[in-house]
Novice: 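The structure that follows is given in the form of structure tokens.
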There are 2 protein chains.
Amino acid sequence: MLTLHQEFFSQYAKVYRPLLNKLNAELEQYSLSNSQWTIMKLLKIEQVMTPAEIAHRQQVEKPSITKILQRLNEMGFIEVTPGEDKREKWIRLTDSGEAVCIEIMERLKLLYENLLEGIKEADLENAINLLMHVHENLSK
Amino acid sequence: MLTLHQEFFSQYAKVYRPLLNKLNAELEQYSLSNSQWTIMKLLKIEQVMTPAEIAHRQQVEKPSITKILQRLNEMGFIEVTPGEDKREKWIRLTDSGEAVCIEIMERLKLLYENLLEGIKEADLENAINLLMHVHENLSK
DNA sequence: CTTTTTAGTTAGTTAGGTTAATTAACTAAT
DNA sequence: ATTAGTTAATTAACCTAACTAACTAAAAAG
């Protein structure tokens, strides 16, 4: 049988595909994929980032980010300005990107509430801390 | 700011990429990708399954499963026998597949222990239950 | 017996990853 | 001022894993 540790990661993995499918269903209406959306969320919080910073935060290589940013740019959701260091590009959400971002966040908030409906606040906090712990251990 | 619900899914997502990278690094030595490995694990538990059952469990479409099974078959990790219903194929692990499966599970067990090191058992159980709860809510 | 459904495959497409190589810009040490 | 080395971003070529659409063969329903 599985140990508790194995059980945790097994459950973690089980949630992933159905959750992704739900997210993509919501995002489809905005012609966004999950990875595009993830970067928009990040920009919403950080305001301005360079592609290199985004790549580092997302733990993917820079060329992957280049492609996603190109598509977000075509859709008019981000704007690109040259940085002080002329090698850099500063990426930020446009007004339209910001608006879509807020709209999607509202929708997802409802989805998330449904998915966690009936969970006690203390348990939720506990699970968040556990995930943060795992995340930290992953980065060393 | 984010609600606790949003915070939870945000942390959930943050863990995914680095975890996947770690898993793939472990699996590389066996020339296995994560999605191939996921199906091997499933077969380890269920013993025999049809491609359609696997597709349903993994929440992906049948053609995706066909390809993965073809590769696992080439590598000699699974065997395929015709079902009673002649349309069906019964998929099971070969002895070699079973052996590799056990070996990988042992390695991952250590990884998982490291990632969850210092977590109290009660908190771990709690988080598992929470994930199960989310999984259930996702399927309705 | 015909029709419809189901299981699996094939073919073709797409998104999002990877590495390797390139250009441009910056930094530091002659 | 020149040179050597580094960093930011891009492009190209490739891979994996997903998708849909269209197909064959078998089973089930009428």
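Below, chains carry the letters A, B, ... as their sequence lines are ordered, and counting in each starts from 1.
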Novice: Should R17(A) be listed as having a side-chain N or O under 4.0 Å from OP1 or OP2 of dC19(D)?
Specialist: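 For dC19(D), OP1/OP2 do have a side-chain N/O of R17(A) under 4.0 Å.
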Novice: Please state how far atom NZ in K86(A) lies from atom C1' in dT7(D), giving the value in whole angstrom units.
Specialist: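 So the two atoms are 17 Å apart, to the nearest Å.
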Novice: If I take atom CG in residue L23(A) and atom P in nucleotide dA15(C), what distance separates them, rounded to the nearest angstrom?
Specialist: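 Atom CG in L23(A) sits about 18 Å away from atom P in dA15(C).
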Novice: So, applying side-chain contact (heavy atoms from CB on, under 4.5 Å) with V15(A), which one of N137(B), L131(B), L130(B) is it?
Specialist: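 Among N137(B), L131(B), L130(B), the one meeting side-chain contact (heavy atoms from CB on, under 4.5 Å) with V15(A) is L131(B).
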Novice: Want to settle it: does P63(A) or E84(A) sit nearer the 5' end of DNA chain C, counting the closest nucleotide to each?
Specialist: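 Final value for this comparison: P63(A).
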Novice: Is any NZ, NE, NH1 or NH2 atom of the basic residue among E46(B) and R92(B) found under 4.0 Å from an Asp or Glu carboxylate oxygen of the other?
Specialist: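 No, this pair does not count.
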Novice: Take the protein atom CD of E28(A) and the nucleotide atom P of dA18(D), then report the distance between them rounded to whole Å.
Specialist: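 From E28(A) CD to dA18(D) P: 18 Å.
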Novice: Measure CD1/I54(B) against P/dT9(C) and give the value in whole Å, please.
Specialist: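 About 10 Å, once rounded to whole Å.
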Novice: Looking for any heavy atom pair under 4.0 Å, which part of the strands does K67(A) touch: base, sugar-phosphate only, or nothing?
Specialist: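 Answer is base: heavy atoms of K67(A) come under 4.0 Å of a base.
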Novice: Check every strand shown and say whether S64(A) touches a base, only sugar-phosphate, or nothing at a heavy-atom separation below 4.0 Å.
Specialist: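 Base, at least one base heavy atom under 4.0 Å.
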Novice: Can a side chain N or O of R87(A) be found less than 4.0 Å away from OP1 or OP2 on dT10(D)?
Specialist: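 For R87(A), the contact criterion (side-chain N or O under 4.0 Å from OP1 or OP2 of dT10(D)) is not met.
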Novice: Checking all strands, does Q58(A) fall into the base, sugar-phosphate, or nothing category for heavy-atom contacts under 4.0 angstrom?
Specialist: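 If one applies the 4.0 Å heavy-atom cut-off, Q58(A) turns out to touch nothing in the nucleic acid.
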Novice: How is T66(A) classified with respect to the nucleic acid when contacts are heavy atoms under 4.0 Å: base, sugar-phosphate, or nothing?
Specialist: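 Since a base atom lies under 4.0 Å of T66(A), the category is base.
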Novice: Does Q29(B) have more than 12 heavy atoms from other residues, nucleotides or ligands lying within 6.0 Å of its CD?
Specialist: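 Atom CD in Q29(B) is crowded, with more than 12 foreign heavy atoms closer than 6.0 Å.
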Novice: Tell me which nucleotide among dT18(C), dA26(D), dA17(D) gets nearest to the side chain of D85(B).
Specialist: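 Nearest to the side chain of D85(B) among the choices is dA26(D).
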Novice: When the distance from CD1 of I68(A) to P of dA9(D) is rounded to whole Å, what number comes out?
Specialist: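 It is 15 Å, rounded to the nearest whole Å.
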Novice: Please report, rounded to the nearest Å, how far the P atom of dT10(D) is from the CD atom of E61(A).
Specialist: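 These atoms are roughly 15 Å apart.
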Novice: Has the side chain of K62(B) got a donor or acceptor atom sitting under 3.5 Å from an opposite partner on the base of dG8(C)?
Specialist: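 Flag set: donor-acceptor pair detected.
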Novice: Just wondering, do C101(A) and F77(A) contact through their side chains at under 4.5 Å, heavy atoms?
Specialist: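 The answer is no; the side chains never approach within 4.5 Å.
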Novice: Whole angstroms only, please: what is the CG-C1' distance between L20(A) and dC19(D)?
Specialist: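 One finds 13 Å between C1' of dC19(D) and CG of L20(A), rounded.
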Novice: Go nucleotide by nucleotide along DNA chain D from the 5' end; which of A52(A) and N21(A) gets its closest nucleotide reached first?
Specialist: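 Counting from the 5' end, the first nearest nucleotide belongs to A52(A).
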Novice: Round to a whole Å and report the spacing from CG of N24(B) to P of dG16(C).
Specialist: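 It is 18 Å, rounded to the nearest whole Å.
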Novice: Using side-chain heavy atoms (C-beta onward) and a distance below 4.5 Å, is F9(A) in contact with L19(B)?
Specialist: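 Yes, close enough: below the 4.5 Å cut-off.
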Novice: Just N and O in the side chain of Q70(A): are any of them under 4.0 Å from OP1 or OP2 of dT11(D)?
Specialist: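 Yes, Q70(A) has a side-chain N/O under 4.0 Å of OP1/OP2 on dT11(D).
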Novice: Mind checking whether Y16(B) and Y16(A) have ring centres under 6.0 Å apart?
Specialist: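 So the answer is yes for these two rings.
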Novice: Hey, is the side chain of S35(A) poking within less than 4.0 Å of OP1 or OP2 on dG16(C), counting only N and O atoms?
Specialist: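 Answer is yes, contact under 4.0 Å.
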Novice: Determine the contact category for I65(B): base if any of its heavy atoms lies under 4.0 Å from a base atom, sugar-phosphate if only primed atoms, P, OP1 or OP2 are that close, otherwise nothing.
Specialist: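 It contacts nothing in the nucleic acid.
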